[in-house]
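For reference, the structure discussed in these notes is given below.
When reading the values below, keep in mind they use all heavy atoms of this one structure, side chains included, and skip hydrogens, waters and symmetry mates. Each chain gets a letter, A, B and so on, in the order its sequence line appears, and its residues count up from 1.
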Number of protein chains: 2
Amino acid sequence: MTSRQLAALIGVSQSAVSRAFTPGSSISPAMRERILASARELGYQPNAIASMLSTNRTNIIGIVLSDMRNPFYPGLIERLTQGLQRVGRQSLLFNVTPGANIEEQLQAIRQYNVDGVIVVAATILSEKALSWAIEGRRSVLVNRLSLDRNITTVCVDNAAGVSAIADHFHALGRRKVGYVAGMTKTLIGRERRMAFVTRLAELGMTLVGSAAAGEYSYAGGHRAAQELLAEGSRPDAIFFANDILALGGMDALRDVAGLCVPDDVAIAGFDDIAMSAWPHYELTTFAQPVSDIVERSVELICNAPLGDGDARQEILSGRLIVRRSTVGAGGGPVDGDPRQSVKVA
Amino acid sequence: MTSRQLAALIGVSQSAVSRAFTPGSSISPAMRERILASARELGYQPNAIASMLSTNRTNIIGIVLSDMRNPFYPGLIERLTQGLQRVGRQSLLFNVTPGANIEEQLQAIRQYNVDGVIVVAATILSEKALSWAIEGRRSVLVNRLSLDRNITTVCVDNAAGVSAIADHFHALGRRKVGYVAGMTKTLIGRERRMAFVTRLAELGMTLVGSAAAGEYSYAGGHRAAQELLAEGSRPDAIFFANDILALGGMDALRDVAGLCVPDDVAIAGFDDIAMSAWPHYELTTFAQPVSDIVERSVELICNAPLGDGDARQEILSGRLIVRRSTVGAGGGPVDGDPRQSVKVA
DNA sequence: GTCCGTGTTGAATACGGATGCAAATCCCGT
DNA sequence: ACGGGATTTGCATCCGTATTCAACACGGAC
């Protein structure tokens, strides 16, 4: 059923039908109501494809992602798509895989004329491939930095987060700290590492060892934690670049190295994924403000101006979640509630 | 840049440009090569929207999902979208949330003219809302059953899976079995429960207790496991309707009830999510054949005939993964490799 | 009654590519 | 050189909606 057919059936023009479905268009309330009623009755719905062709707007936002196995992302994606649906947008998923030709995978972004692109692929994508793909359309990089100041980014305050962890270790009296990185090549990986090391120095603590997992995964953390110990360093606290690494690392430290957490070694992560709260882990971590991230991303992808030079870098504040992986049971500021949270500007 | 502009620039007709990009169309290799070369040079790409309008095909598959928090789904979605991309389709995500009006949320499926719909929302969606949404287009229900024999489904062999678990418990000498359901209202929930109970009876074992979590989540499993014990029953083996329930349940049994797994109680789940292999859990489970599910779903959503009465119900075979949550360390058929796997037809 | 402004309506056309059909070209045999 | 079939090309039209523009209706002011 097309708008023309419906129009013919009820004796109005096709324009009228189109206007009935277009908010703010020039049509009398009576006419609109009559048309909408008939449409409901006869099962007419505007064809979105034709509408896209006319208006050059698709109401589709491309979501580029690469790392669905890090449990932080599914939750983020879910809330992003819901946030977009809430404002009448749909989400077209682009799953970028490392092996194949990235540009070819992103070609569809351009062909499908998506209105905007939200990139949550922290890894993999080169800046070059990225800027080619999003050329000429709105874009938001989530949890990823860019050297290009013309690109809008939404990101937790990494420096504040890792500093909060360092401060927390310091407050606990730990002085010999280890660091486990994920991917050392990404900007965000470097930023976290750099900020952490800087803060350690300010506090007069030593970085007694570090390792790189190479990927953000449980297995990577498991491996890297052992490497860290094999170096000979015996840290009394280890900060993992994110939670999934920390969980793998914690299991390695306990099961393989036979250490006690947090007595022998305190452990902290970053992100606050669901599993970090599980009783076996109770991981102290720096929580990403997922709601804020989603809200700002949706807002920016829909309403940001498209001109040059007005890109924004939004830094959102997270929150330190203290759990037993650093303070143990009963030992420390934890009383009834096993979890304490500190907002960090 | 449009096909007409490109055509004008290189002195051919718009039709020629269109044909150059349409495989199998009537055009000489020389002409095609010339056009494609110029297109590459001048940066022309066909506008997919216009193409959709002409051909009435979008190459977009809608993916309806509701339960991104069960870790089984992110992996499935990821592989589904990749599988679809591999055959030139894109994935439009529809995240159905329980609260709001379902039909309204699914309206976009119809307006966007997706070529097909893959439903991986085991929960929530009523049959009625579903059949309205997918009316007239190809659809595949993944991991979800339907009473309507005209709907194509792709599903692991639930009966074989739960029977394998029951048999495994039996072989271990366990006789007092508990069952923790997820959502009891879903068809798949009922099927698993029924098949499990039936098999127990055949083996002469007793179902000493059962509980329903109400949702497929860690917290639900944690709660339901305690309810099961509070009933007064003391099972020596518990089967959880899926892995995430089992993980929550296992932690509850250990931490809250102080039981030893598997000595006091053996535990098994269903799905084989990544975390089930983690050393703290080592959960015996029935693994879903994710690759097969993806492969069959992609195949069916692309090539299945659209007529009536030729819907298929594909039942794929899974695999029992035996880990320490049932056989313990060293005690049982597990030797060097902590994991043993048994294919189940 | 006339005039003008405001608010509605319909006819016509644009959006960019696909395709049926007719015209043009090619290739080959004679 | 010519005819005939096969292949290639271009023209015209269509897909379904949005939007411009002109036409029209209505109401109030003079």
Side-chain angles (χ1 to χ4, degrees), chain A residues 1-36 38-39 42-60 88 90 107-115 136-137, chain B residues 1-36 38-39 42-60 88 90 107-115 136-137:
Chain A
M1 158 96 41
T2 73
S3 62
R4 244 181 266 283
Q5 292 175 324
L6 178 64
L9 278 175
I10 60 180
V12 299
S13 71
Q14 178 267 329
S15 326
V17 175
S18 170
R19 282 193 268 255
F21 282 90
T22 309
S25 59
S26 163
I27 186 174
S28 67
M31 172 79 101
R32 165 168 284 152
E33 199 35 63
R34 181 154 72 97
I35 294 177
L36 291 182
S38 315
L42 300 171
Y44 166 78
Q45 282 183 296
N47 179 324
I49 306 292
S51 165
M52 291 177 199
L53 186 59
S54 267
T55 58
N56 207 24
R57 294 194 56 216
T58 56
N59 283 334
I60 293 179
Q90 302 299 327
Q107 200 161 351
I109 288 189
R110 311 186 60 158
Q111 296 198 341
Y112 279 76
N113 252 309
V114 299
D115 288 345
R137 62 198 89 227
Chain B
M1 158 97 43
T2 72
S3 63
R4 273 184 179 80
Q5 292 176 321
L6 178 64
L9 279 174
I10 60 181
V12 300
S13 74
Q14 179 266 328
S15 329
V17 175
S18 171
R19 283 194 264 256
F21 282 89
T22 308
S25 58
S26 161
I27 187 175
S28 66
M31 171 80 99
R32 166 168 283 152
E33 199 34 62
R34 181 155 72 98
I35 294 178
L36 291 182
S38 314
L42 301 171
Y44 165 78
Q45 282 184 296
N47 179 324
I49 306 291
S51 166
M52 291 176 199
L53 186 59
S54 278
T55 59
N56 208 24
R57 294 193 57 215
T58 55
N59 282 334
I60 293 179
Q90 302 298 327
Q107 199 162 350
I109 288 189
R110 311 185 61 158
Q111 296 198 341
Y112 279 77
N113 250 308
V114 298
D115 288 346
R137 61 198 88 227

N/O (side chain, B:Ser3) to phosphate O (OP1/OP2, C:dG17) under 4.0 Å: yes

Value for CD1 (A:Ile60) from CD1 (B:Ile49), rounded to nearest 0.5 Å, stands at 6.0 Å

Nucleotide nearest B:Ser18 when distance is taken to its side chain, options C:dA18, D:dT17, D:dG10: C:dA18

Of the options C:dG10, C:dG17, D:dG16, whose atoms approach the side-chain atoms of A:Ser15 most closely? C:dG10

Can you list, in residue-number order, the parts of residues 7-14 of chain B that come under 4.0 Å of DNA chain C, counting heavy atoms only? B:Gln14

Verify the contact: side-chain N or O of A:Thr55 to OP1 or OP2 of D:dT19, cut-off strictly under 4.0 Å; return yes or no. no

In whole angstroms, how far is the P atom of D:dT17 from the CG atom of B:Leu53? 9 Å

Supply the atom-to-atom distance A:Asp115 CG to A:Met52 CE, rounded to the nearest 0.5 angstrom. 8.5 Å

Phosphate-side-chain proximity, B:Thr22 and C:dG17, N/O vs OP1/OP2 below 4.0 Å: no

Quick one: pull up CD in A:Gln5 and CD in A:Gln14 and give me the separation to the nearest 0.5 Å. 11.5 Å

Most 5' of B:Arg32 and B:Asn56 on DNA chain D, judged by nearest nucleotide: B:Arg32

Spacing of A:Met31 atom CE relative to D:dA25 atom P, expressed in whole Å: 14 Å

Spacing between B:Arg4 atom CZ and C:dG16 atom C1', to the nearest angstrom: 7 Å

Give a yes or no answer on whether the side chain of A:Ser3 reaches the backbone of A:Ser18 with a donor-acceptor pair at less than 3.5 Å. no

Separation of A:Ile49 atom CD1 from C:dG16 atom P, in whole Å? 15 Å

Over all strands shown, is B:Ser26 touching base, sugar-phosphate only, or nothing at heavy-atom distances under 4.0 angstrom? base

Look at the side chain of B:Arg19 and the base of C:dG17, then say whether one donor and one acceptor between them are separated by less than 3.5 Å. no

Base, sugar-phosphate or nothing for A:Ile27? Non-hydrogen atoms, less than 4.0 Å. sugar-phosphate

Between CD1 on residue A:Ile10 and CG on residue A:Leu42, distance to nearest 0.5 Å: 8.0 Å

Any B:Ser51 side-chain nitrogen or oxygen under 4.0 Å from OP1 or OP2 of C:dA18: yes

Students often get this wrong, so: under 4.0 angstrom with heavy atoms, is B:Met52 touching a base, only sugar-phosphate, or nothing? nothing

How far does CG of A:Leu53 sit from CG of B:Asn47, to the nearest 0.5 angstrom? 6.5 Å

Per-helix bend value, the helix from C:dG1-D:dC30 to C:dT30-D:dA1, C1' rotation axes over five pairs per end, 10° rounding, shows 50°

How long is the line joining CG of A:Asn47 and P of C:dG16, in whole Å? 17 Å

CG/A:Leu6 to CZ/A:Arg4 distance, rounded to the nearest 0.5 angstrom? 12.5 Å

Which of C:dT19, C:dG17, D:dG16 is nearest the side chain of A:Ser54? It is D:dG16

